[in-house]
Amino acid sequence: MSLHLYNTLTRQKEAFKPIHEGFVGIYVCGPTVYSDSHVGHGKSYVSFDIVVRYLRYLGYKVLYVQNITDVGHLLDDGEDRMLRQARIEKLHPMQIAETILRSYFEDMDAMGLVRPDISPRASGHITEQIELVKALLDKGYAYEVNGSVYFDVRKYADYGKLSGRTVEEMLEGTRVEVRSEKKNPQDFALWKRAEPEHIMRWPSPWGEGFPGWHVECSAMSMKYLGEQFDIHGGGLDNQFPHHECEIAQSECATGRPFANYWIHNNLVTVNGQKMSKSIGNQITLKDAFKKFDPLVVRLFILQSHYRSTLDFSDEALLGAKSGLEKLLNTVRNLRTEAAKARGESRAAAAAIDLESYRSRFLAAMDDDFNTPQATAVLFDLSREVNALLSLETKFSAASLEAIDALLEDLGGRVLGIVPEGSHAGLRADMKLEADLVQLLVDLRAEVRAQKLWPLSDRIRDGLKKLGIVLEDKKDGTVWRKG
RNA sequence: GGCGCCGUACCCAAGUGGCAAGGGAGAGGUCUGCAAAACCUUUAUGCGGCGGUUCGAAUCCGCCCGGCGCCUCCA
């Protein structure tokens with residue numbers, strides 16, 4: 001089995017074959033930075049984080065580009081999204097962009113996402129976008145009207161190939177078009193004339209203006225990944241019109257295919273309904289993190305497939321929370337036991353068929369990144385490890401470390417939910433905390449030896465309130481943060 | 001109206017022709033001073049409904065019911 005992924009362009013799973021052997025160029029539509037990220041962004045970017053991580057795990061050298069939209073994204077009424085937010089907050093649009101960008105990375109970092117290799121900003125690539133528009137005008141795919149430039153969808157026969165529609169079909173469902181500058185209602189803006197009050201404006205061959213939303217992704221993806229590249233990703237809701245327009249612009253400008261594989265993640269719902277601006281049911285990641293650890297949110301997302309919708313509820317998140325604890329408990333106990341084993345000479349090897357777990361895991365991931373099945377494999381392994389650890393047998397350090405290495409490899413490197421084993425970097429204040437807890441644990445051990453249960457329980461209950469969980473095992477008490 | 005998706009246990013969620021993964025919750029048990037954790041057993045003869053194809057269907061086909069998405073800002 002090799003990696004197969006579902007390509008929206010062909011509507012089927014295809015074997016993945018990169019343009020250049022050993023190298024993958026991937027572009028993912030990033031956020032428009034005007035307000036804090038919500039859980040939907042979380043699902044989307046966690047999904048592509050997995051794609052990137054897995055490709056790297058398979059040995060590909062991956063160049064991961066994800067744009068930052070800070071201009072050109074217009075609302076219904078034609079006002080720029082960034083400008084409107086700036087007006088509401090009485091700040092410069094670039095202040096908003098900067099603040100939200102930091103907030104975005106903060107949230108993504110918290111969930112353990114690998115950062116994109118390049119995060120190009122639309123406002124920083126105006127020149128490239130103008131060049132693209134010029135090329136389209138030169139080739140006759142676009143036309144200028146009153147300082148604005150539009151793409152003429154009638155000139156591009158393949159328009160609609162991604163989303164599976166035709167221009168004729170679209171005409172039927174079209175609402176009343178307000179702006180009459182366009183030749184056809186489906187034509188979309190490549191460059192817009194800036195009205196006098198428009199702050200974000202740049203000089204161009206057609207006068208002062210700003211780029212259309214779709215142009216940035218074409219210009220920036222091709223700048224960093226080449227005219228034709230491997231994978232383009234984004235949310236299902238951007239399939240049309242955004243990605244359709246990207247394809248039209250790019251392929252017409254260069255005369256060659258744009259992205260080979262299109263990957264779209266499905267959306268997050270709340271009570272069965274899409275989380276969206278207009279419905280007003282969005283849950284920001286920062287709010288979610290107040291209730292649940294970011295890694296819980298991450299596991300929750302991974303426990304459903306990226307092409308399925310995911311219904312967000314506290315009850316479901318609580319399930320993921322317990323699941324993560326179970327998995328991390330196993331890892332913790334395994335490492336504790338391995339550490340003990342290192343000081344002793346133990347002969348018994350923990351007989352677990354690690355290769356079978358690895359191959360089951362890889363088979364799941366190869367099948368269009370089936371993370372629900374992959375995580376199920378980890379839970380199966382977790383159960384077998386727990387069973388072994390509860391036996392009287394003392395296993396050798398080497399065999400325990402081999403299990404830990406696999407868990408770290410699959411659960412850590414690929415899925416990003418198992419922390420690295422080396423806790424070498426304990427901070428000074430954490431060290432103090434650990435020492436204090438250990439002191440209490442030792443005192444309690446003496447109290448327990450004297451069977452002073454009420455006092456013993458007071459210590460345990462008191463620590464519990466402070467978020468420290470004590471577990472009395474056969475050979476001593478262990479503690480962890482709950 | 002056009003195009004498309006989904007409906008699997010109490011909750012979340014895999015599975016697209018061959019005995020229904022996994023997580024959570026529940027029940028019983030083992031261990032334990034108690035608790036926690038863990039382990040074992042258990043929880044859908046059943047996959048929205050009705051037909052059809054097939055030796056065999058959650059999986060393929062048809063119809064019906066219910067929910068949702070895109071066509072307009074959205075990840």
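Letters go in sequence order (proteins before strands), and every chain restarts at 1. In this text the structure is predicted, and so the values were computed from the model without any measurement.
For the pair A:W453 and B:G33, the ring geometry qualifies as stacking, because the centroid separation is below 5.5 Å while the planes lie within an angle under 30°.
B:A75 atom P lies 18 Å from atom CD1 of A:I263, rounded to whole Å. Remark: P of B:C34 and CG of A:L455 are 18 Å apart, rounded to the nearest angstrom. The distance from atom CG of A:L299 to atom C1' of B:A14 is 14 Å, rounded to the nearest whole Å. The CD-P distance, from A:Q239 to B:C3, rounds to 16 Å in whole Å. One atom, CH2 of A:W213, and another, C1' of B:U72, lie 11 Å apart when rounded to the nearest Å. Distance NZ (A:K43) to C1' (B:A13): 11 Å, rounded to an integer number of Å. One atom, NE2 of A:H41, and another, C1' of B:A75, lie 5 Å apart when rounded to the nearest Å. Rounded to an integer number of Å, the gap from NE2 of A:H4 to C1' of B:U16 is 16 Å.
Of the listed nucleotides (B:G33, B:A14, B:A75), B:A75 has the atom at the smallest distance from the side chain of A:H38. Proximity note for A:R448 (side chain, C-beta onward) versus B:A75, B:G33, B:G23: the nearest is B:G33.
Side-chain atoms of A:N266 and A:S308 form no donor-acceptor pair, as typed in the model, at a separation below 3.5 Å. Side chain to side chain, A:H38 and A:T284 fail the donor-acceptor criterion of an N or O pair below 3.5 Å. A donor-acceptor contact closer than 3.5 angstrom links the side chains of A:S163 and A:R165. Defined by atom type and a distance below 3.5 Å, a donor-acceptor pair is present between the side-chain atoms of A:Y357 and A:E384. Judged by distance alone, the side chains of A:T69 and A:E216 do bring a donor and an acceptor atom under 3.5 Å apart. A donor-acceptor pair shorter than 3.5 Å can be found between the side chains of A:N329 and A:R332. Between the side chains of A:E181 and A:Y150, at least one donor N or O lies within less than 3.5 Å of an accepting N or O.
Taking the six-membered ring wherever Trp is involved, the centroid distance between the rings of A:F258 and A:F229 falls below 6.0 Å.
B:A25 and B:A57: their P atoms are spaced 35 Å apart (whole Å). The separation of B:C40 from B:G46, taken at their C1' atoms, amounts to 25 Å, rounded to a whole angstrom. Taking atom C1' on both B:G18 and B:G26, the two are 32 Å apart, rounded to the nearest angstrom. Taking atom C1' in both B:C73 and B:C64, one finds a spacing of 36 Å when rounded to whole Å. When the C1' atom is compared between B:G56 and B:U45, the two are found 15 Å apart, to the nearest whole Å. Rounded to whole Å, the P atom of B:U54 lies 41 Å from the corresponding atom of B:U41. To the nearest whole angstrom, the two C1' atoms, one in B:C61 and one in B:C70, are 26 Å apart. To the nearest whole angstrom, the two C1' atoms, one in B:A44 and one in B:A14, are 15 Å apart.
Here the options are A:V418, A:V385, A:V331, the test is side chain to side chain contact (heavy atoms under 4.5 Å, CB included), and the partner is A:D404; only A:V331 passes. The residue from A:D107, A:D49, A:D293 that alone fulfils the salt bridge (charged side-chain N to carboxylate O under 4.0 Å, His left out) condition with A:R298 is A:D49.
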task = Could you give me the CA-CA distance, side-chain angles and deciding distance for A:E337 and A:R335, then say whether salt bridge (Lys or Arg N to Asp or Glu O under 4.0 Å) is met?
result = CA-CA 5 Å; A:E337 191 60 24; A:R335 287 174 183 167; over 6 Å; no
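Sorted by first then second residue, the ring-ring contact (aromatic ring centres under 6.0 Å, His included) pairs that include residues 311-333 of chain A, not counting sequence neighbours, are A:F300-A:F312.
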Listed pairs, N/O of protein and of nucleotides 36-41 of chain B, under 3.5 Å:
{"residue": "B:A37", "atom": "O4'", "partner": "A:E471", "partner atom": "OE2", "Å": "3.3"}
{"residue": "B:A38", "atom": "O3'", "partner": "A:N386", "partner atom": "ND2", "Å": "3.1"}
{"residue": "B:C39", "atom": "OP1", "partner": "A:N386", "partner atom": "ND2", "Å": "3.1"}

Please tabulate, one pair per line, each protein N/O and nucleotide N/O from nucleotides 26-30 of chain B that are separated by under 3.5 Å, including the distance.
none

Is there any protein nitrogen or oxygen under 3.5 Å from a nitrogen or oxygen in nucleotides 65-70 of chain B, and what are the pairs?
{"residue": "B:C70", "atom": "OP1", "partner": "A:K274", "partner atom": "NZ", "Å": "2.1"}
{"residue": "B:C70", "atom": "O2'", "partner": "A:R165", "partner atom": "NH2", "Å": "2.9"}

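Every residue meeting the salt bridge (charged side-chain N to carboxylate O under 4.0 Å, His left out) condition with A:R480, not counting sequence neighbours, appears here in chain and number order: A:E471.
The residue among A:Q282 and A:P372 whose nearest nucleotide of RNA chain B lies closer to the 5′ end is A:P372. Between A:G234 and A:R444, it is A:R444 whose nearest contact on RNA chain B lies nearer the 5' terminus.
Between the CD1 atom in A:I263 and the CZ atom in A:F16 there is a gap of 8.0 Å [rounded to 0.5 Å].
In this structure, A:W479 reaches neither bases nor backbone, as no heavy-atom distance under 4.0 Å exists between it and the strands shown. Among the heavy atoms of the strands lying under 4.0 Å from A:N238 are primed sugar atoms or P, OP1, OP2 only; no base atom is included. Nucleic acid contact for A:V478: none, since no nucleic acid atom lies under 4.0 Å from a heavy atom of the residue. Note on A:F300: only backbone sugar-phosphate atoms sit closer than 4.0 angstrom, heavy atoms only; bases stay farther off. Across all strands, A:A376 comes closer than 4.0 Å to base atoms (heavy-atom distances). A:H305 comes within 4.0 angstrom of the backbone, heavy atoms only, and of no base. A:D311 comes within 4.0 angstrom of sugar-phosphate atoms only, judged by non-hydrogen atoms across all strands, and of no base.
The partner of B:G4, taking Watson-Crick or G-U wobble pairs whose two distances both stay under 3.5 Å, is B:C68. Using Watson-Crick or G-U wobble geometry with both donor-acceptor distances under 3.5 Å, B:U30 finds its partner in B:A38. The partner of B:A9 cannot be assigned: no Watson-Crick or G-U wobble pair with both contacts below 3.5 Å exists in any strand. Both distances falling under 3.5 Å, in either a Watson-Crick or a G-U wobble arrangement, occur for no nucleotide opposite B:A21. Applying the Watson-Crick and G-U wobble criteria (two distances, each under 3.5 Å), B:A58 pairs with nothing in any strand. As the counterpart of B:C63, B:G49 is assigned, both hydrogen-bonding distances of the Watson-Crick or G-U wobble pattern falling under 3.5 Å.
Dense packing is recorded around NZ of A:K394, with more than 12 heavy atoms of other residues, nucleotides or ligands lying under 6.0 Å away. For CG of A:N271, the number of neighbouring non-hydrogen atoms (other residues, nucleotides, ligands) closer than 6.0 Å is 12 at most.
Of all the heavy atoms in A:Y45 and A:M108, the pair that sits closest is CB-SD, 3.9 Å.
Applying a 4.0 Å cut-off to non-hydrogen atoms, none of the residues of residues 110-117 of chain A approaches RNA chain B.
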